[in-house]
Structure formats: C-alpha cells, structure tokens
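All heavy atoms count here, side chains included; hydrogens, waters and symmetry mates do not. The structure presented is a predicted model; accordingly, all values stated were derived computationally and were not measured.
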Amino acid sequence: MKRNWEMEELVDNFILLPHELQLIGNKTAENRLGFCVLFKFFQREARFPSNKNEVPKPVIQFIAKQLDVSSELFEKYDMTHRNAFYHMAQIREFFGFREATVEDANKVTDWLYQYALYYDHDIEHIKIETYHRFRELCVEPPTIDRIDRIIHAAVNSYEAKFFKETYEQISPSSIEKMDMLIDSLPDDYEIGIDASSVCDIISFSMLRSDPGKPGLQCVLDEVTKLRTINQLDLPLDLFNGIPLKVIAKYKQRAVSEDIRELRRHPAHIRYTLLAAFFWVRKREITDNLVELLIQLVHKIGRKAESKIDQEFLKEFKRVNGKPNILFHLAETALNHPNGIIKDVIYPIVSEQTLKDLVKEHKNTGLSYRQKVQTVIRHSFAHHYRQMVPKILEVLTFQSNNETYKPVIKAIELIKNYAGTAFQYFSLSENIPVDGVILQSMKEAVIEKDSQGRARINRINYEICTLQSLRDKLRCKEIWVVGADRYRNPDEDLPSDFEKRREENYKALNKPLDPEDFIAGLKKEMYDALTELDIGLPKNEKVNITIKGGKGWIRVSPFEPQPEPINLARLKSEMSRRWHMTNLLDILKETDFRVSFSKHFKTVAKREELDRESVQRRLILALYGLGTNTGLKRIAAGNQAENYHELLYIKRKFINKDNLRNAISDIVNNILQIRMQEVWGEGTTTCASDSKKFGAWDQNLMSEWHIRYRGRGVMIYWHVEKKAACIYSQLKTCSSSEVSAMITGLLRHCTDMDVLKNYVDSHGQSEVAFAFCNLLGFQLMPRLKAIYAQKLYRPDPGINDAFSNLQLVLTRNIDWNLIRQQYDQMIKYATALRLGTAETEAILNRFVRNNLKHPTYLALLELGKAVKTVFLCKYLHSEELRREVNEGLNIIENWNSANHFIFYGRSGEISTNDVEEQELSVLSLHLLQNCLVYINTLMYQNILSESKWMDIMTPEDYRGITPLIYNHINPYGNFELDMNKRLAI
C-alpha cells in the first residue's frame, strides 16, 4: 500500500459506512481501531497486513478520527492475539472470503504458469498478479514466504517448458552454426565481409558489441553482424506471440555469462538462451543500421554546408542598408541616364560596396546551394557511396501510406543499379520522381541528352532519394522489416483498443463524446481569457504593447525573496554533527535502512553467494559506478574484495531493471519518512530538465551538442519538489526532450502521484501540451520567448471580446479537426499510457516533416488550446510564475550536485558501450537519492529538538533542501604509511 494519501483519496477509500460501523459492536477503543484498520485494509488489498508498519500512518489517523479515538491506540493492538484472529475471521466472513488451502495454492501456481508468465517475468509484477488472482477466487492469500514459493514454482515450470519447446523448433544446422559462433577465435583473425560462410569469420563477442562511430568500418561490421544472424536460419516464428521483455530477460542472461558458462548448460537451455540473444540482437542491429543510415545522410549535407560556409566566411561581408543603396542607385541612374558609371554611380555607392553586394548574393542565393550540392555530390560519390548501398542491401523498407510508396520504389531502383558504372539510369526504366525529388532539386537531377530527351543523373537522384528516405524514416511513414524502434507504426498502437474503448477512455478520465471534451476545453479557454483580460489593467508585472508592428508581452522579473535567516546555521550544525561523512557510508546506511539491495537479483538461475557477501560487493560496485571511479580503483582500496569479484557482481546482479527498482524503493522511503511539519504536505509536482555529460564518442549515443558544445550525452532528470529524483534517462543530444518528459511522468514507478510538471522551453511544444492534457498532467513551462507568444480564440463569434488582449490574440481553434481526430488522439495517448512502444517512437510521427498527418494537425490544435489556457493563467498569476521558477531551480540544484558525486575521470562517461553508459547514469541517480535520503534524516534529527524547531521561520522552511553536500566526503580515506616503501 502506498504511503502518501491526499484527503480526497482517504475519503474515497477509508470512510467507514454505517453498515460497516455496525460490525464494531461493543469492542473496546483499542479493538475498535484495530478491527477497523484491518477491515479497511482488507477491503482495499484483499489481504491483511503482515505487520503494523505496512499500514500508512495517514490511514490510521483518518480511521481513528472517525472513531473519535487516539491513533496511538493502534500501537497497543496485538495482531498475534486471539482477538485479532477472531477479528480477521469476522472480516473474511463479511467479504465472503476464506483462508487459503494447499489446493488453492496449486490452482494459483497453475494459473500463473498458463497465463501470467506468458506476458511478464518481473517477480514484483508477478506478485501483484498473484494477489489479484487470490482476490478473484475470494481466498485470503497465504504468507509472503508461501507466495514467493508459489511464484518460484510457477516460474520454474514455465521455464522448463519454454526451454524444451524452443529447443525442439531449432534445426540441427542452426545449432551447428551457433556452436561455431561461441567458439573463441584468435585475436589476430581477420574479419572480412565477402566470405562464403559468414559464420566462420565473426566471433560471438563481436555480435555482443555496440556499433562505433558512423563510418565505413562501422557500417561493414554491423552489416556483417546482421548477415551472420540471418545465416543462422532460426525459425521466423520461434518466439511468436512472446512479449519482447520476456525474450530480453533471456538475452540478458546470455550476455551476463561467458562462453564457459554457456557451454555448461544442458543443450535445451544453452540453445534457447542463444536463440533469444540472436533474436533480440537482430532487432537491435537492424535499428542500429537504420540509425547509421539516418546519421550518414545527415552528415553528407552537414559537412558540405560546413565546408562551403568556412570558404565563404573568409570573403563574406554582409552589406547593411541594401534598400537605401538600391534607392540611391536608382535615383542617380534616372537623373543621369547618359552618365559614366565611374563618374556618376561610384561617388554615391563605392565600388567596394558594389563588390560586397555581388559577393553576398553569390554566398547566400542560388550559387550557395549549387556549391553545397557540388560538395555533397563529390563526397557521396567518393566516400559515402561505399557505405550506403551496403546498408540498403540488408534492409527491407515498407510503408502503410501510398503517398510514400515512390520513395520505396526509388530505393529498390538504387539497389538494382548498385555496383554498376552507369552515370544515368536507363531510359526504359520507370523512375519515380514525384514524391521523391524536391521541386528545387529537379533541375539538378533531370538532365537533357544530345537529342533533348530527359535523363536522370544517378548520383544526384540517389542523394535526393536518401534525403527523402531519411525524413520519412524519422517520422515512421516508412518503416523497416525486422526493426524494433523503426518497426511498423501500427504495432505501436494497442491492438485491442476498439474492444476496450470505454475502459481506455475511463483510464484517461476523458468523455467518450468529443462534444463533451470540446465543450469543457472551450469553457476553460473562455474563463482563462476572461480572467486575464479583466485583470490585465491592474497587473503591474505584465503588460501587452506593440514592438516592430506586432503584439509584445512584457513580464517583469521577480523581486528577490528574503534570505532565510536560519538555514546557514542549520547547515553548520549538520556539518558539526556529521563532519565529512563518507559518501560510501551514506550508500551503506541507506541500504541498512531501506534494504534496496534486495532488488538486485541475479540473472542466473540461482544465487551461489551468501547474501551478506552480495550486499557488500553490491555497495562497492554501485559506488564505483555512481562516482565514475570504476571497479578497479574501488577494489584497489579494499582488501576484502578484488576486482574480479566486483566485476562478477556487476555482470550478474546490476542491470537497468534492478537499478530502477532500487531507485523507486529509495524514493518511496524518502516520501515515507518525511516529517510533514518540516517538509510540508505530500507533493504532486516535479520538474524535468536535461544535463549534458561528456562521453566517449565511438558509439551512436554520443553526439556533438550545438548549444553546450563538445561531444557527449544528455541525462534527463525528473526531480520532485523536495529534491528526490523519481526518474532518469540517457538520451542523445539531438533527441526530443518532450518525449523524455512524457516518458518520466508515465514510467517513474514510485508512489508519487505526479499532476504538475515544470519544464523549460526545450521541454514543451504544442504536441506536448496536447498529450499532457490527454494523459492528465499539467505541463507548466518557463517560456524563454514569452514576449512572442500568441493566444488563440475559442470561438469565431467573440472576435471583439477580450479588448485588452487584442494585440496578442490570433485565429480561432479548429474544433472540427479535433472532433474528427478525437478517437485517434485518445488511441495514441493510450499507447503512451500502456507503453506499447517507446514514447519517442510514437512521438516521432508528430514532427514537422509529417505535417500532412491528420492526427498531428489535430494534436497541434489541441495543444494550442491547452497552451492558451496555461499562458492566461501564467500571465495573470505572479504566484504561478514564481512556482514554476522555483520548481526549475530545484532541478538546477540537482544538476549542480551531479559533478560533485560523478567526479571520476573528470566526470566523463568513459565507455562506448551504451548499456554501460546507462548503468553509470542509473548508479549516479541511486547514489544521489541516497544522499537525499540520509540528509532528510539528518535534518529531521536536528529539527526534532525544540530549540531548533522553535527558531524556524516560514522562509526557512521554504528554502530548506536535503540536497546539500558540504558535509560529505566523496573521495574516501587516505592513509599515509611513512614506514612503507614501494618495491622498486
């Protein structure tokens, strides 16, 4: 049961109804409270609490208040006494439940084996399904230990069947080829691509590796990998219907084992693990090849433009005041039609100015584009043309839209001509041009021969086709067979949406009738515009003026708030009591209190090590990853564990899922331990923003950042109001912050119920406003270009209304478009909610390259309406503006602490393995949350003393944050032994 409850939730779930109160009878105050707590807990959870601590304090207090007794009486209630057992029997009888029997346990085991495990193997999720099943059977579930045994029995039975059935589908030839791959090859064995048997020339370790920096060798390596897996001839339907996350679990297990471990398994386990690995890797490699293609095509144009820009900048000089120059030239020429240019024109406009005008036109007009195209053609013909056909050869492109079929036909044509020396396509070919070649490029692509016949220049046609392909791949109008992120976009949507329409609408809390939805939004717009219009003349901080002939919104900056007078003293007291506390001890103490290490389960079949050793090595390994010092340095300063032992723990126990579960547990405990009088009521707000980290660049994740400069990756954080980070993501520098923002709100898996999210300008868009509205979140951005924002009208009939806003009011919202696409918008929002595909894969459909998509146009209209409502409230309320600003200051503080903790190797992520990069980021996330957890306890320890609590002011509580580190030592201890010498 979650720990934090709003008053509305308590009323909905824990109010005692009259017929329920009749069950109390003549029980004593202590027994009344104990009985009612057990009753309402059972009513909600269909089980009794395993101990008193499982019942949240707000729930006990709410029930005690209804009974007019003290909540402290629950501490005296003995859950092991016969009275409690009688109460439980009474409650079971009331709800029609009975105690579990051995037969019930066997039935649930069989049910898990047949249904639940087919979809999910996460133990915590399976545990939830197990409790749900007991509830459906009206049976009180057994003890926690018995539940664990039931789950493990079901998992073992399922896996035994799964391994056996999968193995039986694999042919002997495929098994032989897999055996060849897991045999180690000499380090100096030359890997090529043109060989009769690809399986003979590539190692298993190479198949596990990520692609490097986009280039010829990287392309050839990835193509070799894909061909190798294709030549294994695994059945196409080997894992039909089995969810990807289940297969990915077995792939993770195969990756965590070395060749020796794999060979020790029985045949049916060994080859099933290998088949799962190859099946998942095929999808990943296909995605990597598509990503390489997109980056290479972009790189061709970018490098050409950069080269021409550098050449032009040497000579380029922009001429200002061209309209005046043209006027003086025209006036002088008309007044002296027979004059000599040197005598008449040059005194008015100098010869050098005219030369600069000619250069500027050449450098910015058609001449510039022609030179760029010349460079693109040259670089493509002499370099990129070696790579692109290799990628196209192994990928199969499809489209669900007839409009983009010409691009696919053009790709097939390019494939057919690959390797030939023809400069032009054959005149007999049916060459698609419309829908492939931009109008501005047709002149360069379509030439005339000596007889005046049109012919297609092959190189120019290939370049234009690849540019069109790149645009359509990015918005998924064209997709790739066998890919995951670039798969058929129809697979991203829930297949049973139509059957579960009412359920899906209810989950989003949206009406089935679009008219009801539109009427509600119209009213919100009208109310918000009216409020701003009426309040604007009295608003001293906001005014609307004209600048450059356009409406201009001016917002005055905030006045500085008073400095909290006691916070400095409070921090000094913390430093005095816990002076230079080791960061490693912070991590250790958090695990002692939270037991987050229990979430780190081995990917192997069973654990051989005792849990105490696992816990110790886990803490050291997580510290090495989270501080970026690495496992070798941590092992060097620790005599009890060596590097190989820590590496084993990392390989077997530390993965993304385990880290996320541990982080969620820590966050939930932070929310649980907070004293309301110090930190205020439970929060429903968080802020999100990204932070750039330097990283090695021989991979597809690291990119050059155009704003921050330098190569690296972005980490996108979601931080709640009191500095606990609920979610983190590793992203490329060019990836969408909007998709990262929505992903964190939907996938954080903590007890926090997020309703509001603060972002900066990069984390918002009209599509973001639309989806946040459909998903039930309030998007609250701090807009950098607030001066240029426009407000939309809710109806055409009120164009004269809102007289004070006329300068920034623009057109009406197209409600017909929203009405027509309402169901589709709900369908895409449901896909995001259910996680049927990655958020970015779904949102990529709604980008500027896809303006013809009707759902995209409807989302833009909806976003404009929702954004108008927000802007009106934002401009009207200084309190709201300050709230957004304070929220974003919290995440800036979080970002500032990153480098204090992630100090190793100058804060650069020193690996090209993308999965390793993500483990480092999540370990940092975990370690920093541990700091917040312990600091929260330290603050509360000090403030529990009346002498400190009595001097605290509202400003002190406003400014207090548990994310401080002046009292922390992240580096460890340094011991100097003057009697010890190096053995030189």
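Of the N and O atoms on the side chains of D689 and W894, not one donor lies less than 3.5 Å from an acceptor on the other residue. Side-chain atoms of K282 and N230 form a donor-acceptor pair, as typed in the model, at a separation below 3.5 Å. There is no side-chain donor-acceptor pair under 3.5 Å between E840 and N844. For the residue pair Q252 and N655, no side-chain donor N or O sits within less than 3.5 Å of a side-chain acceptor on the partner. Using a 3.5 Å distance cut-off with no hydrogens or angles, the side chains of R707 and H762 do pair a donor with an acceptor. Checking T911 against Q917 by side-chain atom types alone, no donor-acceptor pair falls below 3.5 Å.
Taking 4.0 Å as the cut-off between side-chain N and carboxylate O, R227 and E393 count as a salt-bridged pair. Salt-bridge annotation for E284 and K225: absent, with no side-chain N of the basic residue lying under 4.0 Å from a carboxylate O of the acidic one. For the pair K650 and E645, the salt-bridge criterion is not met [side-chain N within less than 4.0 Å of a carboxylate O]. Looking at K249 and D657, no side-chain N of the basic residue comes within less than 4.0 Å of a carboxylate O on the acidic one, giving no salt bridge. Salt bridge status for R711 with E908: absent, with no side-chain N to carboxylate O gap under 4.0 Å. Remark: R747 does not engage E838 in a salt bridge, criterion side-chain N to carboxylate O under 4.0 Å.
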Steps toward salt bridge (Lys or Arg N to Asp or Glu O under 4.0 Å) verdict (K390, E222): CA-CA 10 Å; K390 300 289 186 187; E222 292 305 297; over 6 Å; no

Walk me through it: do V767 and V738 pass the test side-chain contact (heavy atoms from CB on, under 4.5 Å)? CA-CA 9 Å; V767 170; V738 168; 5.6 Å; no

Verdict with reasoning, R660 to E918, per salt bridge (Lys or Arg N to Asp or Glu O under 4.0 Å): CA-CA 11 Å; R660 289 205 183 280; E918 193 156 4; 3.8 Å; yes

Take C733 and V713 through the side-chain contact (heavy atoms from CB on, under 4.5 Å) test and state the conclusion after the steps. CA-CA 6 Å; C733 295; V713 296; 5.6 Å; no

Between S702 and K213, is the side-chain contact (heavy atoms from CB on, under 4.5 Å) condition met? List the steps. CA-CA 9 Å; S702 299; K213 192 175 182 179; over 6 Å; no

CA sep, side-chain torsions, deciding dist, call: R651, E257, side-chain contact (heavy atoms from CB on, under 4.5 Å): CA-CA 8 Å; R651 199 172 73 239; E257 298 181 351; over 6 Å; no

Working for salt bridge (Lys or Arg N to Asp or Glu O under 4.0 Å), residues D492 and K476: CA-CA 11 Å; D492 294 344; K476 297 192 75 172; 2.6 Å; yes

Before giving the answer on side-chain hydrogen bond (donor to acceptor under 3.5 Å, both in side chains), spell out for N488 and Q398 the whole-Å C-alpha distance, their side-chain angles and the decisive distance to 0.1 Å. CA-CA 8 Å; N488 186 345; Q398 299 286 344; over 6 Å; no

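R208 contributes a side-chain N or O that, together with a main-chain N or O of V255, makes up a donor-acceptor pair within less than 3.5 Å.
Under the 6.0 Å cut-off for aromatic ring centres, Y250 and F277 do not qualify, their centroids lying 6.0 Å or more apart. Ring-centre distance between Y727 and Y716: not below the 6.0 Å cut-off.
In terms of heavy-atom proximity, T627 sits nearest to T629 at OG1-OG1, 2.9 Å. Closest approach of P781 to D760, counting heavy atoms only: CB-O, 4.3 Å. Between L779 and G763, the closest heavy-atom pair is CD1-O, 4.4 Å. Summarising the geometry of E737 relative to S690, their closest heavy-atom pair is OE2-OG, 2.9 Å, with the distance given to 0.1 Å. Nearest heavy-atom pair across D287 and A483 is OD1-CB, 3.3 Å. Residue M741 comes nearest to S688 through the heavy atom pair CG-OG, 3.7 Å, listed as atom of the first residue, atom of the second, then distance.
Taking 4.5 Å as the limit, some side-chain heavy atom of I654 sits within range of a side-chain heavy atom of L622. The shortest distance between side-chain heavy atoms of E703 and M714 does not fall below 4.5 Å.
In this structure, R283 forms no cation-pi arrangement with Y486, as its terminal cationic atom is not both closer than 6.0 Å to the ring centre and no more than 45° off the ring axis. Figure legend: cation-pi geometry between K692 and Y708 absent, as NZ or CZ is not positioned both under 6.0 Å from the six-membered ring centre and within 45° of its axis.
Of the candidates R474, R470, R485, R485 is the only one forming a salt bridge (Lys or Arg N to Asp or Glu O under 4.0 Å) with E291.
W717 and H925 have perpendicular rings, their planes meeting at more than 60° on a 0 to 90° scale where under 30° would count as parallel.
The CG atom of L625 sits 11.0 Å away from atom CG of L620, with the distance rounded to the nearest 0.5 Å.
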